[in-house]
Engineer: 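To start, I am sharing the structure in question, which I have written as structure tokens.
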Number of protein chains: 2
Amino acid sequence: MKQPKVTVVDVAHAAGVSKSTVSLVLQGSSLVNEATRAKVGAVIRELGYVYNRSAANLRQSKSKIVGIVVNDLTNSFFAELAVGMDMVMQSAGYIQFMANSAENADRQAEVIASMREHGMAGLILSPARGTSAADLRPLVDSGIPVVLVARNVPGLKVSSVVSDGHAGAMAAVRHLIDLGHRRIAFLGGFNDTAVFDERMRGCRDALLEAGLGASDDLVISSAPSRAGGVAAVERLLSMADRPTAALCFNDAVAFGACDGLRSARIEPGVDFGVIGFDDVIEAKTAVPALTTVSVDPQGMGRRAAQLLLKQINAGHFEPEALVASARLVVRESCGAPQRVKELMA
Amino acid sequence: MKQPKVTVVDVAHAAGVSKSTVSLVLQGSSLVNEATRAKVGAVIRELGYVYNRSAANLRQSKSKIVGIVVNDLTNSFFAELAVGMDMVMQSAGYIQFMANSAENADRQAEVIASMREHGMAGLILSPARGTSAADLRPLVDSGIPVVLVARNVPGLKVSSVVSDGHAGAMAAVRHLIDLGHRRIAFLGGFNDTAVFDERMRGCRDALLEAGLGASDDLVISSAPSRAGGVAAVERLLSMADRPTAALCFNDAVAFGACDGLRSARIEPGVDFGVIGFDDVIEAKTAVPALTTVSVDPQGMGRRAAQLLLKQINAGHFEPEALVASARLVVRESCGAPQRVKELMA
DNA sequence: CTTGAAATTTGGAACGATCTAAATTACGAG
DNA sequence: CTCGTAATTTAGATCGTTCCAAATTTCAAG
């Protein structure tokens, strides 16, 4: 069952040429005569030769492999981010090592080390909570392009693609204020992350701008997951002076919040305004359809991938910080009439 | 910025030993003297040496890389499947090429070919719709272990890990019948897939067993997604003699069905029984909590990964078909009182 | 001191490709 | 024919590691 593997030498021998010629054919060189090219091609197919890319990479010391490490693949946001990257990598002829760090910085360090040993050309990282600049410095110093996505790591000079959480949050809260809400909470997310901070501050700034006080009581942190959303909304409902709307850390939390509201017989989108963050694919079809700050996860993934490819090809290293603009997509969960049509394909 | 890379030879030179010794140290051989091992270790750290695994693999002609190709990473079921695999692969010291075929058989063929060129030791494949045995034959014949997961490919002699859709569907429908439902629909999924067929037949068989007629009208196929669920339930609601409950092709469809019911002011779990399939992670926390046929996607992923590792290590090739037993997890969406406690961790 | 077995270390040939520089072949002009 | 140039082809070194066989060192016993 186990075939003895066939190499360029075998092909060369069978085709009656030298291995150098076969190599030229493999890389589609124009130096080789049409007749021989055809012959070699035929032999390759006949023998079932498979190219050994690592051998080639060894000689050329470059590879068509990139690493992708995400912190939580079970969260749709990151899954879609990954899918976006996958798309552009695939069409650029790259292949990915992909791993899930499960928010564990040690695990993350291990897989990155392993990927490095396997010779990746670049890395896209959605860093686990608690990732420090020092963790990544050796990799970066070795000259391997790194692109951070979704989350930033303070103090590290690398490219990044993040969404404009501050502006997005402000837009969302302004909308809630326009709808007449006066007490607006911020729900979910770990309060020691930069992303949390940014979105929460956007929320606060919009409140202040409208002359509404921003009390810390109205910021309820929790795990950034559906379950976390349920927990956060429970705490919120037990408050004395209940808010009438909330901006959630992300869509998962928002869905959880809706769940929690419903089990307290409060209908989201009718009795209480809920806005999410990320515009996960389910946001559109959920009931009520989720009003959310769209950051187009697949699009971010694609941009991150393109950025990485650019850096790999350029050879040099010009840190570039893309911030994906966030726009508010008004649907039903905030209680507003559907007044903005979506144009997305 | 771009460091000249350091190799075993550099390390050997700096440590005053031969490259062979360094190599022995690297693979933790007991042949080497404690003192020299320490010295070499120190030099390695000092120079920032990184092991070149592809060079090693080239010599040993084996690798610690496996390929994972899934058909739709945006679907939580497959995302969790992937996470399960990732867990065991990571702790076995393997690293994965991971790609999303997006249900496109051509794309799938391309990435598999690419992975093969990069020298993977084995492949776990959740085949795209329309994958034929012929597509995979060359790979299998080359002696690379392949494990199919979630879906099977007829006519291909390889290992597989699938869930017992027929038994699971029967259990679910029996439960609905016990609750007093008489007209029960089967919702969602593409009707040209084996998985659809299996689950739908389980549904039908349970109905027949109870002496209830099984009409084809009650089988409504659609895309196996949340949006598909909404669409399917809409069609169902327009029927003359409306069913009172439905078994859905998967949890995504079930969530969509709940959404669709709600927008028609029908409360799932109260006015209408809904049962899903897969027990995706959100099923537990959704409102109403989804009654579903649990097939434990992460567990399936883990088992598939273990099976693959076993085959890689064994060297030989003994196709093994695991069918993951499916058990009904009764929660709220079917309208039943919560009578079965979950023991899951 | 020998001596021989055990403990360590090592040179050089692989692995399967690419690349450089040089060799060979083809071919139209003189 | 003989050249010169362009078009093809090729031998052999090389990438960074592992492995084999052989060389060297260590060291306790005779």
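Below, all heavy atoms of this structure are taken into account, side chains as well, without hydrogens, waters or symmetry copies. Throughout, a chain's letter reflects where its sequence line sits, starting with A, and its residues are numbered from 1.
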Engineer: Mind checking A/A56 for me? I need base, sugar-phosphate or nothing, with any heavy atom below 4.0 Å counting as a touch.
Structural biologist: sugar-phosphate
Engineer: Would B/R37 and B/E34 satisfy salt bridge (Lys or Arg N to Asp or Glu O under 4.0 Å), going step by step from the backbone distance to the final call?
Structural biologist: CA-CA 5 Å; B/R37 175 199 309 288; B/E34 202 44 60; 3.6 Å; yes
Engineer: Specify the separation, in whole Å, of atom NZ of B/K5 and atom C1' of D/dT14.
Structural biologist: 13 Å
Engineer: State which of D/dA13, C/dA13, D/dG16 makes the closest approach to the side chain of A/K19.
Structural biologist: D/dA13
Engineer: Side chain of A/S160, backbone of A/V162: donor and acceptor closer than 3.5 Å?
Structural biologist: no
Engineer: Taking CG from B/D10 and C1' from D/dG16, how many angstroms apart are they, rounded to a whole number?
Structural biologist: 10 Å
Engineer: Distance check needed: C/dG16 C1' versus A/L26 CG, whole Å only.
Structural biologist: 11 Å
Engineer: How many whole angstroms separate atom NZ of A/K39 from atom P of D/dT8?
Structural biologist: 17 Å
Engineer: Examine distances only and state if a side-chain atom of B/S101 and a backbone atom of B/A128 form a donor-acceptor pair shorter than 3.5 Å.
Structural biologist: no
Engineer: Between C/dT25 atom P and A/E34 atom CD, what is the distance in whole Å?
Structural biologist: 21 Å
Engineer: Any side-chain N or O of A/S20 less than 4.0 Å from the OP1 or OP2 oxygen of D/dT9?
Structural biologist: no
Engineer: To the nearest Å, how far apart are B/K62 NZ and D/dC19 P?
Structural biologist: 8 Å
Engineer: Any donor and acceptor pair, going by atom type alone, linking the side chain of B/S163 with main-chain N or O of B/V295 inside 3.5 Å?
Structural biologist: no
Engineer: Starting at CZ of A/R53 and ending at P of C/dA17, how long is that distance when rounded to a whole Å?
Structural biologist: 11 Å
Engineer: Taking the nucleotide of DNA chain C with the nearest heavy atom to each, does A/Q27 or B/V17 sit closer to the 5' end?
Structural biologist: B/V17
Engineer: Of the candidate nucleotides D/dT18, C/dT9, C/dT18, which contains the atom at the shortest distance from the side chain of B/L24?
Structural biologist: C/dT9
Engineer: Would you indicate, yes or no, if D/dT8 has its OP1 or OP2 atom less than 4.0 angstrom from a side-chain nitrogen or oxygen of A/T36?
Structural biologist: no
Engineer: Applying a 4.0 Å non-hydrogen cut-off, can you work out what B/T21 is touching in the nucleic acid: base, sugar-phosphate, or nothing?
Structural biologist: base
Engineer: Just to confirm, is there a sub-4.0 Å distance from OP1 or OP2 of C/dC19 to any side-chain nitrogen or oxygen of A/Q60?
Structural biologist: yes
Engineer: Considering only heavy atoms and no angle criterion, is a donor-acceptor pair shorter than 3.5 Å present between the side chain of B/R59 and the base of D/dT17?
Structural biologist: no
Engineer: Consider only side-chain N and O atoms of B/Q27 and B/S23, and report whether a donor and an acceptor are under 3.5 Å apart.
Structural biologist: yes
Engineer: Can you tell me the distance, in whole Å, between the CG atom of B/N52 and the P atom of D/dT14?
Structural biologist: 18 Å
Engineer: Kindly say whether, by distance alone, the side chain of A/S18 makes a donor-acceptor pair under 3.5 Å with the base of D/dA11?
Structural biologist: no
